[in-house]
There are 2 protein chains.
Amino acid sequence: MTGTGDDPGGTARGGPQPRYGGRPTMKDVAARAGVGLKTVSRVVNGEPGVTQDTERRVRDAIAALGFRRNDSARILRKGRTASVGLVLEDLADPFYAPLNRAVEEVARAHGALLINGSSAEDADRERELALAFCARRVDGLIVIPAGDDHRYLEPEMAAGIATVFADRPAGRISADAVLSDSFGGAREGVAHLIAHGHRRIGFLGDRPRIHTAAERLRGYRAAMAGAGLPVDERWVSLGPTGPERVRAEAERLLTGPEPVTALFTGNNRVTVTAVRVIAGLPRPVALVGFDDLELADLLSPGITVIAQDPARLGRTAAELLFRRLEGAGDAPRRVELPTRLIPRGSGELPPVTG
Amino acid sequence: MTGTGDDPGGTARGGPQPRYGGRPTMKDVAARAGVGLKTVSRVVNGEPGVTQDTERRVRDAIAALGFRRNDSARILRKGRTASVGLVLEDLADPFYAPLNRAVEEVARAHGALLINGSSAEDADRERELALAFCARRVDGLIVIPAGDDHRYLEPEMAAGIATVFADRPAGRISADAVLSDSFGGAREGVAHLIAHGHRRIGFLGDRPRIHTAAERLRGYRAAMAGAGLPVDERWVSLGPTGPERVRAEAERLLTGPEPVTALFTGNNRVTVTAVRVIAGLPRPVALVGFDDLELADLLSPGITVIAQDPARLGRTAAELLFRRLEGAGDAPRRVELPTRLIPRGSGELPPVTG
DNA sequence: ACCCGGGCTGACAACGTTGTCCAGGCTCTA
DNA sequence: TAGAGCCTGGACAACGTTGTCAGCCCGGGT
């Protein structure tokens, strides 16, 4: 009898089930409560000017129908979406995940939802995501750049979508950016190795078109130059950070007639691979890595790192974003957050050859 | 002189700039191109029935005004949002981050965006997030439950929002769920310790109202019972997984007159803390942990774990979700994914007392 | 008896898009 | 040359909500 086939009501009890396919609307609630449309709107939004009795009737109707306000319509009408978009490289990366979470917390504190996506270090995909978020009319956008040309965002920013870049600066446009001090951090890390007696230090980093990678390389060179040490270009390896390439490069640097006695690794993925390679060698190799790692203190030796604070990076970027949304209209700002050297053993090993 | 000629190009120069506050709309584009509104819509959506010449005029106008379709309006009109919501415990948790990413990838393959949020293991916050996503009219919802009563989602599900639960089953409603075999995994892990000679095995887990925690405890008891071993209730510690409590409990189990010789830890956070405690002890303590850890193989001894595959969990849940969205209407399904024991050393240590 | 003010309420337009439907002009055929 | 049929383009309503504004009712002041 209650066939699912031609019975429109389907789910609930009897009563005036509205509109076959969809959900009840304020109009339906109004009809059931015997009030006007706008009165329902007032109740739903907690606006004043509704008597207790009317409000009760409306609330009963809402409960009976299972009404929930359609935010799409609300957004269309009001123009603000109370949502921010975040484009990052990889949601699953242990460096970006805390950043993601920090942005979420700030958004939440401002009553906004978070839409996010991974660019997979692909400029086209970054663009595609950012523009999709803009089409959804996010109020603001935080971008961790994969590409190096962000002019495509100019119309959106001009149209009022606040945009903050994080971890890396924007390319070819002027915009807010929140960065870590990659140059200073790398310089400090390499200087630390030099201070422990190393002269032949390898650098394993990401492709130099990535801003942070270029900065870290610059820091490496600055530290070497500052100590009056030459850099053999064969000690420098830049490229994709997949385990295979990094493994091969690490092995190349650490074997052969004149191996390096220490490695500086440019980010967490590279560090992990390098640690695995070193673990397979008979002699100890000093290592300092950029980015902290969970459990880094439990290895023997512990891994000495230049730690960034990804959560702080995200929080700072999000706070700047919301300040912009609240009207701060001064010139684009560039915030640089400090890094911190955490000595744990691997960076304090003396040079060993052979 | 390029083709754009003297026309106001990108952002904002002269020209018929419409509507002071906002962005250009299809109406503005239509006016500028000298065509009807619907023709613009057709061009934007790649619908047939527009001559090349007209299309060019429209595209020029779009470029000149910096028009981008407002997806809020589109969503309102079409009823589908091409977005899915994901409620999980913590975006930054190394277990959930890959799950998040996997859901994103599947959503992307289906042309949908992802909205997500962290419940922080709080039932109210889970509810708040899920309902906020519903108000945005996500097409589907993936929930990693924090609470144990999901009846609040019934109206939404009845109204057509497909919902899949992941990692833990729904409470008090019937719904799709994708789980790991917590019971079997824990039983196997504890049996592994027993097989290596342990008789006094401690269990450090999360609050038992969390389904996975209860299942893992059940697995522990089953393994002990299966070997005919008694369980001293002082060996079992359930509660919040903050480092302080876990540290105190681990120390309690491992010291005193009759300490346990091995630990089974109920999730990645607990494992990490337990490893730190053990590292501070003079004698070796065998350990098997639920959930894999990055670098677990590099510790000495390596950490033996029961590995789940969080990415697969997310992928499976998302695929099931989209199957539902494409119309699969059969009864709620419960998928259980296997776990895998990865022996690395810590689980193979013999019992040592003292 | 009349008017005024304030508190409630509802009718209506608007947000920007898409689906429906019809008009006009063209080509093709008889 | 007229009629049929196709192609292109536009007018209009609808999606569900909120802002504006006007109307109603009631009590109190004149």
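Throughout, protein chains are lettered first and strands after them, A, B, ... in sequence-line order, and every chain is numbered starting at 1. Please read all numbers here as calculations on a predicted model, not as lab measurements.
Atom pair R57(B):CZ and dT8(D):P shows a separation of 14 Å (rounding to whole Å applied). Counting to the nearest Å, the P atom of dG16(C) and the CZ atom of R68(B) are 16 Å from each other.
Considering only the side chain of K38(A), dA11(C) comes nearest among dT17(D), dA11(C), dG16(C). For T39(A), the side-chain atoms get nearest to dT9(C) when compared with the rest of dG16(C), dT18(D), dT9(C). Nearest nucleotide to the R69(B) side chain, out of dG10(D), dT18(D), dT18(C): dT18(C). Picking from dG19(C), dG19(D), dT9(C) the nucleotide with the shortest atom distance to the side chain of R42(A) gives dT9(C).
Side chains of S118(A) and E104(B): a donor on one and an acceptor on the other come within 3.5 Å. The closest side-chain donor-acceptor pair between N45(B) and R69(B) falls under 3.5 angstrom.
At the heavy-atom level, V44(B) lies nowhere under 4.0 Å from the strands shown.
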TODO: Check the pair N116(B) / L88(B) against side-chain contact (heavy atoms from CB on, under 4.5 Å), numbers first and verdict last.
DONE: CA-CA 8 Å; N116(B) 52 28; L88(B) 38 68; 5.5 Å; no
Open item on the list: Using salt bridge (charged side-chain N to carboxylate O under 4.0 Å, His left out), reason through E156(B) and R68(A) one step at a time and then give a plain yes or no.
Closed with: CA-CA 9 Å; E156(B) 312 298 326; R68(A) 188 169 309 282; 2.6 Å; yes
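A salt bridge does not link R324(B) to E319(B): none of the charged nitrogens lies less than 4.0 Å from a carboxylate oxygen. Using a 4.0 Å cut-off between charged side-chain N and carboxylate O, R57(A) and D53(A) make a salt bridge.
For the helix from dA1(C)-dT30(D) to dA30(C)-dT1(D), the terminal axes (five pairs an end, C1' atoms, rotation from four pairs onto the next four) enclose an angle of 70°, given to 10 degrees.
Using the six-membered ring where Trp is involved, H150(A) and F165(A) have ring planes that are perpendicular, over 60° apart on the 30 and 60° scheme.
Within residues 46-56 of chain B, the residues approached by DNA chain D to less than 4.0 Å at the level of any non-hydrogen atom are G49(B), V50(B), T51(B), T54(B), in residue-number order. Of the residues in residues 72-79 of chain B, those lying under 4.0 Å from DNA chain D by heavy-atom distance are L76(B), R77(B).
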